[in-house]
Structures are given as structure tokens and as C-alpha cells.
Protein chains: 2
Amino acid sequence: MTKELSLEEVGRSLHSNAIHLLRHVRTEDSAMGIGPAQASALSVVVFGGPLTLNKLAEVEQVRPPTMSRVVEALVKEGLVRRETNRDDRRSVIISSTDKGTKLLHEGRNRREKRLIKLLSKLDANEIRCLGKASRILSKILVAEHS
Amino acid sequence: MTKELSLEEVGRSLHSNAIHLLRHVRTEDSAMGIGPAQASALSVVVFGGPLTLNKLAEVEQVRPPTMSRVVEALVKEGLVRRETNRDDRRSVIISSTDKGTKLLHEGRNRREKRLIKLLSKLDANEIRCLGKASRILSKILVAEHS
DNA sequence: ACTAATGATTAGCTATGCTAAGTATCCAAA
DNA sequence: TTTGGATACTTAGCATAGCTAATCATTAGT
């Protein structure tokens with residue numbers, strides 16, 4: 001019989017698992033030929049649509065100079081466009097190119113395959129358990145940032 | 001009744017949750033005064049006990065040179081010891097100092113408070129579910145790198 | 001029309017990931 | 001026993017990404 005975990009232990013365990021899960025899929029991220037910060041920013045632009053640099057930095061929870069450099073790299077690789085906003089010429093609108101959109105979807109597929117390979121070691125009950133846990137986590141993590 | 005999640009959806013959801021959970025506690029990590037890689041490595045040494053550098057690199061899923069540098073920084077700050085193994089003088093045993101153990105527990109407390117605050121929105125059943133899921137994740141994430 | 005505030009960039013530091021190459025040690029086979 | 005390969009780690013050098021401080025351009029508010 002498995003021991004009941006305390007709130008502290010659950011928290012600690014979730015934290016550890018989060019770190020290692022992300023490290024696990026890092027390989028696939030870098031297989032896209034771009035780093036994790038670039039991949040994550042591109043993902044926001046592709047799925048969320050065009051937005052300003054400051055907004056993108058905010059969503060990604062990094063400072064504007066950091067995001068400015070990330071976007072610069074993405075522009076150089078032809079994955080996003082950077083155009084001055086007509087309504088406010090101080091600001092810049094970042095949007096995805098076809099190449100960026102295509103690359104992101106391919107990378108996502110690879111990452112998912114990797115996770116699926118990992119998850120397929122489990123039986124149906126365990127998958128169901130992870131599914132339930134995911135819903136619960138989403139609920140509290142999303143609620144936090146609203 | 002909640003819909004059954006597919007393998008793909010579980011994978012995607014776990015990935016997303018991992019990213020957001022880590023962002024959620026990032027503030028507390030950096031409040032320790034050391035970077036995330038150092039904090040994570042120190043955590044392994046404190047909770048898992050002394051181990052060789054290669055083993056530590058493996059557990060942390062980074063290359064030995066990377067871990068060598070991380071350990072170097074921890075040694076400089078007096079948080080871990082690095083001693084040559086008497087049984088095999090090629091290898092090095094990393095162990096935590098009192099200072100390292102103390103720092104980690106303080107940081108852990110801050111991080112845990114943050115996570116506990118998040119988790120305390122949940123009822124006992126949901127906590128139990130997360131606990132079970134954590135065990136399952138640990139199993140496959142650790143098994144992958146053995 | 002000034003001045004203050006805002007959006008973005010540049011410069012420069014640190015941390016962390018990698019590979020390639022070097023050093024020290026151990027083991028195994030001639 | 002010695003020698004040659006394997007193993008454990010480090011060093012050197014590169015790239016990405018995080019930060020703050022300072023700068024530039026533009027907008028907004030007296």
C-alpha cells in the first residue's frame with residue numbers, strides 16, 4: 001500500500017517533476033533549431049496572434065530587453081515579423097511568418113510524441129489519474145494569473 | 001462527468017502545467033541568491049545524500065561539464081563540499097555543507113509556502129489525486145534515465 | 001511648447017546549456 | 001608488468017537567456 005502524501009510532499013514532488021519533465025522534452029525543443037525561450041515566445045505569437053513586444057514580454061514573464069533579444073533572433077531566422085505599430089510608432093507588433101507557424105507545429109508534434117512515448121509505459125488507470133491531476137493543476141495555475 | 005483525456009491531451013496539459021508551475025515559484029527560487037540550476041543540484045545533494053559528479057549530472061539531466069561548473073559555484077559559496085573518492089580517485093563526491101542544507105531548507109520553505117497556498121484551494125480528494133499522479137510521474141521520469 | 005511618461009533597444013554582466021579536448025586514474029590484456 | 005583503452009572530471013570556448021542601467025524615439029499632459 002502506498003503511503004498518503006502530505007501537502008508539503010505533494011508540493012515538493014510536483015515541483016521536482018515539473019523540472020524533470022521539462023528537461024525531458026528539452027531535446028525536442030532544441031531539435032527545432034531554436035532555444036526554449038525562442039520556442040516559447042514563438043508559441044505565444046502563433047497561438048495568440050500578433051502583439052506588442054512589451055505584451056509578449058509580460059506574457060512570457062521576462063523583461064522587455066530579454067524579449068527584445070529573443071525577438072531579434074526570431075526575426076533573423078525569418079520566423080516572426082517585427083513592424084512598427086501605426087497607431088503608436090513607439091511600439092512594435094510581433095507576428096508570425098508562415099515559416100514560424102510551420103516550424104512551431106512540427107516541434108510541438110515532436111514534443112508530444114516524446115511525452116506520449118513516456119506516458120505509454122503506463123496503464124489506463126495511471127493515465128486517467130494523470131489526466132485528472134492535470135485538470136486540477138490547470139484550474140489552480142490558470143486561476144492564479146487571471 | 002468529466003471527459004476522458006487522450007494521451008496527447010494529457011501530455012500537452014502536463015507540459016503546460018509544468019511550465020506554469022515553475023514560473024509560479026521562480027520568484028522564491030531566486031530569493032535564495034542562487035540560480036535555478038544550482039538550487040536544483042543542491043536539492044538533490046541535500047535530499048539524496050552525497051554522490052559523484054557524474055551521477056549528479058545524470059540525475060539533473062545535464063552534461064558533466066555543465067554540472068562541474070554548477071558545483072564549482074556551489075563550492076565557492078560554501079554550500080557543498082567536493083572531495084575525491086577514496087575508492088576511485090578519478091571521481092569526486094559531492095556532499096552538502098551545513099550552510100547548504102540550511103539555505104536549501106529556507107528556500108524550500110518559501111517555495112513550499114507558495115505551493116501550499118496554491119494547493120490549499122483544493123479538497124482532500126484532489127490533493128490525494130495529485131499525490132498519486134506525482135508518484136506516477138516520478139516513476140517514469142526517473143526510470144527514463146536509469 | 002515643454003516636460004514627463006512610455007515603448008523599445010543597446011550595452012554589459014551573470015548563469016547555464018553544449019562540444020571538444022586535456023588530465024588523471026583505473027582496469028585489463030599482452 | 002607495462003601498456004593501451006576506458007572512465008571521471010576539468011578546462012576552454014561558444015551560444016542562449018535572464019537581469020539592470022542607460023539611451024533613443026515617440027506620445028501625452030499640462
Side-chain angles (χ1 to χ4, degrees), chain A residues 19-20 22-45 50-77 79-95 107, chain B residues 19 22-23 25-44 50-77 79-95:
Chain A
I19 288 174
H20 289 106
L22 290 183
R23 285 188 173 157
H24 184 82
V25 299
R26 191 167 59 196
T27 322
E28 310 305 321
D29 275 343
S30 68
M32 278 200 289
I34 61 180
Q38 290 178 42
S40 184
L42 180 57
S43 165
V44 169
V45 176
L51 74 178
T52 69
L53 189 139
N54 264 6
K55 190 65 194 168
L56 181 51
E58 189 191 318
V59 170
E60 287 293 278
Q61 297 175 36
V62 298
R63 300 292 175 188
T66 298
M67 188 49 70
S68 187
R69 182 161 5 87
V70 168
V71 166
E72 174 63 25
L74 288 172
V75 167
K76 262 187 187 146
E77 292 162 302
L79 302 174
V80 303
R81 262 181 302 274
R82 187 174 35 180
E83 295 160 321
T84 53
N85 184 353
R86 293 186 172 279
D87 297 336
D88 181 348
R89 293 157 42 75
R90 287 171 301 183
S91 74
V92 171
I93 303 290
I94 317 294
S95 55
Chain B
I19 289 173
L22 289 184
R23 282 183 177 161
V25 300
R26 188 162 67 185
T27 322
E28 314 304 323
D29 274 342
S30 67
M32 277 202 289
I34 60 179
Q38 290 177 43
S40 185
L42 180 58
S43 165
V44 169
L51 75 176
T52 68
L53 188 138
N54 263 7
K55 190 65 193 167
L56 180 53
E58 190 189 318
V59 170
E60 286 295 276
Q61 297 175 42
V62 299
R63 300 292 174 187
T66 298
M67 188 49 70
S68 187
R69 180 156 14 82
V70 168
V71 166
E72 175 64 25
L74 289 172
V75 167
K76 262 189 186 141
E77 291 163 301
L79 302 175
V80 303
R81 262 182 302 276
R82 189 174 31 179
E83 295 159 323
T84 53
N85 185 353
R86 294 186 171 279
D87 297 334
D88 181 347
R89 293 156 44 73
R90 288 170 302 181
S91 75
V92 171
I93 304 291
I94 317 294
S95 55

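We use all heavy atoms of the structure for the numbers below, so side chains are in, but hydrogens, waters and symmetry mates are not. A note on names: the letters A, B, ... follow the listed sequences, proteins ahead of strands, and every chain is numbered from 1.
Here the P atom of nucleotide C/dA15 and the CE atom of B/Met67 are 15 Å apart, to the nearest Å. Rounded to whole angstrom, the span from the CD atom of B/Glu58 across to the C1' atom of D/dT7 amounts to 14 Å. Rounded to an integer number of Å, the gap from A/Leu56 CG to C/dT9 P is 11 Å. Rounding to whole angstrom units, CD of residue B/Glu72 and C1' of D/dA12 are separated by 14 Å. With rounding to whole Å, A/Glu60 atom CD is found 11 Å from D/dC19 atom P. Rounded to an integer number of Å, the gap from CD of B/Gln61 to P of C/dT16 is 17 Å. Atom pair B/Lys76:NZ and C/dT14:P shows a separation of 11 Å (rounding to whole Å applied).
The shortest distance between the side-chain N/O atoms of A/Thr66 and the OP1/OP2 oxygens of D/dG18 is not below 4.0 Å. An OP1 or OP2 oxygen of D/dG18 is reached within less than 4.0 angstrom by no side-chain nitrogen or oxygen of A/Arg69. Considering only side-chain N and O atoms, B/Arg89 lies nowhere under 4.0 angstrom from the phosphate OP1 or OP2 of D/dA8. Between B/Gln38 and C/dA15 there is no side-chain N or O to OP1 or OP2 distance below 4.0 Å.
Residues meeting the salt bridge (charged side-chain N to carboxylate O under 4.0 Å, His left out) test with A/Arg82, sequence neighbours left out: A/Glu72. Considering only residues two or more places apart in sequence or on other chains, B/Arg63 meets the salt bridge (charged side-chain N to carboxylate O under 4.0 Å, His left out) condition with none of them. Applying the side-chain contact (heavy atoms from CB on, under 4.5 Å) criterion to A/Pro50, with sequence neighbours excluded, gives A/Ile93, A/Ser95. With sequence neighbours excluded, the residues satisfying salt bridge (charged side-chain N to carboxylate O under 4.0 Å, His left out) with A/Glu58 are A/Lys55. With sequence neighbours excluded, no residue forms a side-chain hydrogen bond (donor to acceptor under 3.5 Å, both in side chains) with B/Ser68. A search for side-chain hydrogen bond (donor to acceptor under 3.5 Å, both in side chains) contacts involving B/Ser91 returns B/Asn85, not counting sequence neighbours. The salt bridge (charged side-chain N to carboxylate O under 4.0 Å, His left out) test applied to A/Arg90 returns A/Asp88, not counting sequence neighbours.
The heavy-atom pair separating A/Gln38 from A/Ala73 by the smallest distance is NE2-CB, 3.6 Å.
Contact check of residues 79-86 of chain A against DNA chain C (heavy atom, cut-off under 4.0 Å) returns A/Arg82.
Just one residue in the list A/Val80, A/Val45, A/Val92, A/Val70 forms a side-chain contact (heavy atoms from CB on, under 4.5 Å) with A/Leu56, and that residue is A/Val45.
When distances run from any side-chain atom of A/Arg63 to the nucleotides D/dT11, D/dC19, C/dT9, the shortest one goes to D/dC19.
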Which pairs, protein N/O on one side and nucleotides 5-7 of chain C N/O on the other, fall under 3.5 Å?
residue : atom : partner : partner atom : Å
C/dT6   : O4'  : A/Arg90 : NH1          : 3.4
C/dT6   : O2   : A/Arg90 : NH1          : 2.9

